[in-house]
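In what follows, chains are A, B, ... by sequence order, proteins preceding strands, each numbered from 1. Both backbone and side-chain heavy atoms feed into the values below; hydrogens, waters and symmetry mates do not.
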Amino acid sequence: MATFPLPKATTPAELLGAAGFVAGLRLGELASLLGIPVPPDLRRAKGFVGSLLERALGASASSRAVPDFPELGVELKTLPVDASGHCLESTFVCTAEARDLEIVEWERSRLWTKLRCVLWVPVEGTRAVPVEQRRVGAPFLWQPDQTEQALLRADWELLVSLLARGKFDSLSGHLGRHLQLRPKAAKGSSRRAALDEDGARVLVNPKGFYLRARFTEALLRRHLLGS
DNA sequence: TATTGATCATAT
DNA sequence: ATATGATCAATA
């Protein structure tokens with residue numbers, strides 16, 4: 001049995017190997033190895049699973065706007081799945097701010113920067129299963145191929161275009177085939193300054209980019225098929 | 001019951 | 001305030 005946190009990986013492959021070492025463990029076992037208490041449910045600890053895996057794999061703990069493993073250029077994402085291994089939730093990627101609209105280039109966007117290389121770690125997320133009993137699944141590295149990148153880019157350009165033009169009334173979670181824009185804030189009443197379609201100052205609720213569950217479901221299936 | 005909109009904790 | 005980590009829960 002190795003000690004935790006695991007040694008710092010020097011390559012994405014090593015990181016994948018480290019994540020593979022954790023696969024199969026129950027969250028309670030992993031938390032115990034790290035000396036971290038497990039919450040009874042995730043209602044008041046929504047980021048528990050993600051933070052637990054970050055600590056186990058030695059991610060540089062911070063809230064900076066950079067990948068979890070800066071030296072490797074790898075982003076770590078946990079993926080809640082049901083007993084059959086199907087995705088239960090969408091995946092938050094990053095916030096969409098007015099000032100980011102200056103960056104209209106896909107290649108330099110925060111979204112693409114985060115999704116270039118992702119280490120996905122499936123974790124049982126069925127609410128009826130106690131958090132400590134949930135198991136960590138087999139991890140896999142994902143670098144979007146040309147097709148996937150084109151699909152995401154198309155959605156991103158549609159959504160950013162509406163944001164940039166201040167079409168806030170037209171925005172909703174219904175837009176985007178694989179990527180969507182949804183509220184991302186502490187409270188539904190949270191507001192931030194923006195410019196509407198007439199250039200007038202308005203207050204709007206903060207939003208973030210999310211990958212739809214059916215998109216991550218497809219990644220998971222492709223991985224399981226071994227391609 | 002799948003999905004959209006709302007929300008929670010913590011660090012900086 | 002806004003970034004990180006997401007899941008909860010009301011609605012369609």
Original post:
Looking at A:Arg44, does any N or O in its side chain come under 4.0 Å of the phosphate oxygens OP1/OP2 on B:dA9?
Top reply: yes

**OP:** Take atom CZ of A:Arg191 as the centre, draw a 6.0 Å sphere, and report whether it contains more than 12 heavy atoms from other residues, nucleotides or ligands.
**Re:** yes

Original post:
Between B:dA6, C:dT7, B:dT3, which nucleotide gets closest to the side-chain atoms of A:Asn205?
Top reply: B:dA6

Original post:
Taking a hydrophobic cluster as the set of Ile, Leu, Val, Met, Phe, Trp and Tyr residues connected by side-chain heavy atoms closer than 4.5 Å, whether directly or through intermediates, do A:Phe140 and A:Leu115 fall within one such cluster?
Top reply: yes

Original post:
Does CG belonging to A:Asp169 count more than 12 external heavy atoms closer than 6.0 Å?
Top reply: no

**OP:** Just compare C:dC8, C:dT2, B:dC8 and give me whichever is closest to any side-chain atom of A:Glu89.
**Re:** C:dC8

Original post:
Given atom NZ of A:Lys187 and atom P of B:dA9, what is their separation to the nearest angstrom?
Top reply: 11 Å

Original post:
Contact class for A:Pro206 (heavy atom, under 4.0 Å): base, sugar-phosphate, or nothing?
Top reply: nothing

**OP:** To the nearest Å, give me how far apart CZ (A:Phe168) and P (B:dG5) are.
**Re:** 15 Å

Subject >> Out of C:dT2, B:dA6, B:dT3, whichever nucleotide has its closest atom nearest the side chain of A:Arg182 >> reply: B:dA6

Original post:
Taking the side chain of A:Lys184 as its heavy atoms from C-beta onward, which of C:dT2, B:dT3, C:dG5 lies nearest to it?
Top reply: C:dG5

**OP:** Answer with base, sugar-phosphate or nothing: what part of the nucleic acid does A:Ala185 contact at a heavy-atom distance below 4.0 Å?
**Re:** base

**OP:** Establish, with yes or no, whether the OP1 or OP2 oxygen of C:dA6 is under 4.0 angstrom from a side-chain nitrogen or oxygen of A:Arg43.
**Re:** no

**OP:** Report the C-alpha separation of A:Ser161 and A:Glu157 in whole Å, then their side-chain angles, then the decisive distance to 0.1 Å, and conclude whether the side-chain hydrogen bond (donor to acceptor under 3.5 Å, both in side chains) test is met.
**Re:** CA-CA 6 Å; A:Ser161 169; A:Glu157 291 183 339; over 6 Å; no

Original post:
Taking CG from A:Leu57 and P from C:dG5, how many angstroms apart are they, rounded to a whole number?
Top reply: 13 Å

Original post:
Expressed in angstrom and rounded to an integer, what is the separation of A:Lys207 atom NZ from C:dT2 atom P?
Top reply: 15 Å

**OP:** Would you kindly compare A:Glu75 and A:Gly125 by the position of their nearest DNA chain C nucleotide and give the one closer to the 5′ end?
**Re:** A:Glu75

Subject >> Side-chain donor-acceptor pair present, A:Arg110, A:Thr95, cut-off under 3.5 Å >> reply: yes

Original post:
Quick one: is A:Lys114 getting a side-chain N or O under 4.0 Å of the C:dG5 phosphate, OP1 or OP2?
Top reply: yes

Original post:
Does a side-chain N or O from A:Gln180 land closer than 4.0 Å to OP1 or OP2 of B:dT4, or not?
Top reply: yes

Original post:
Could you state the interatomic distance from CH2 (A:Trp142) to CG (A:Leu220), rounded to the nearest 0.5 Å?
Top reply: 12.5 Å

Original post:
Side-chain donor-acceptor pair under 3.5 Å between A:His174 and A:Ser172, yes or no?
Top reply: yes

Subject >> A:Glu107 atom CD, over 12 foreign heavy atoms within 6.0 Å >> reply: yes

**OP:** Would you tell me if any nitrogen or oxygen in the side chain of A:Thr78 comes within less than 4.0 Å of OP1 or OP2 on C:dA6?
**Re:** yes

Original post:
Which sits closer to the 5' end of DNA chain B, A:His174 or A:Gly188, going by the nucleotide each is nearest to?
Top reply: A:His174

Original post:
Within a radius of less than 6.0 Å around NZ of A:Lys8, do more than 12 heavy atoms belonging to other residues, nucleotides or ligands occur?
Top reply: no

Original post:
Base, sugar-phosphate, or nothing for A:Ser190, non-hydrogen atoms under 4.0 angstrom?
Top reply: nothing

Original post:
Where along residues 46-53 of chain A does a heavy atom fall under 4.0 Å from DNA chain C?
Top reply: A:Lys46, A:Gly47, A:Gly50

Subject >> Rounded (10°) bend between the five-pair end axes of the helix from B:dT1-C:dA12 to B:dT12-C:dA1 >> reply: 30°

Original post:
Rounded to the nearest 0.5 Å, what separation is found between the CG atom of A:Leu141 and the SG atom of A:Cys117?
Top reply: 5.0 Å

Subject >> Pairwise side-chain contact, A:Gln180 with A:Leu175, heavy-atom cut-off 4.5 Å (strictly under) >> reply: no

Subject >> Reported CG-to-CZ distance for the pair A:Leu151 and A:Arg177, which is rounded to 0.5 angstrom >> reply: 9.0 Å

Subject >> For DNA chain C, the residues among residues 127-136 of chain A that have a non-hydrogen atom under 4.0 Å from it >> reply: A:Arg127

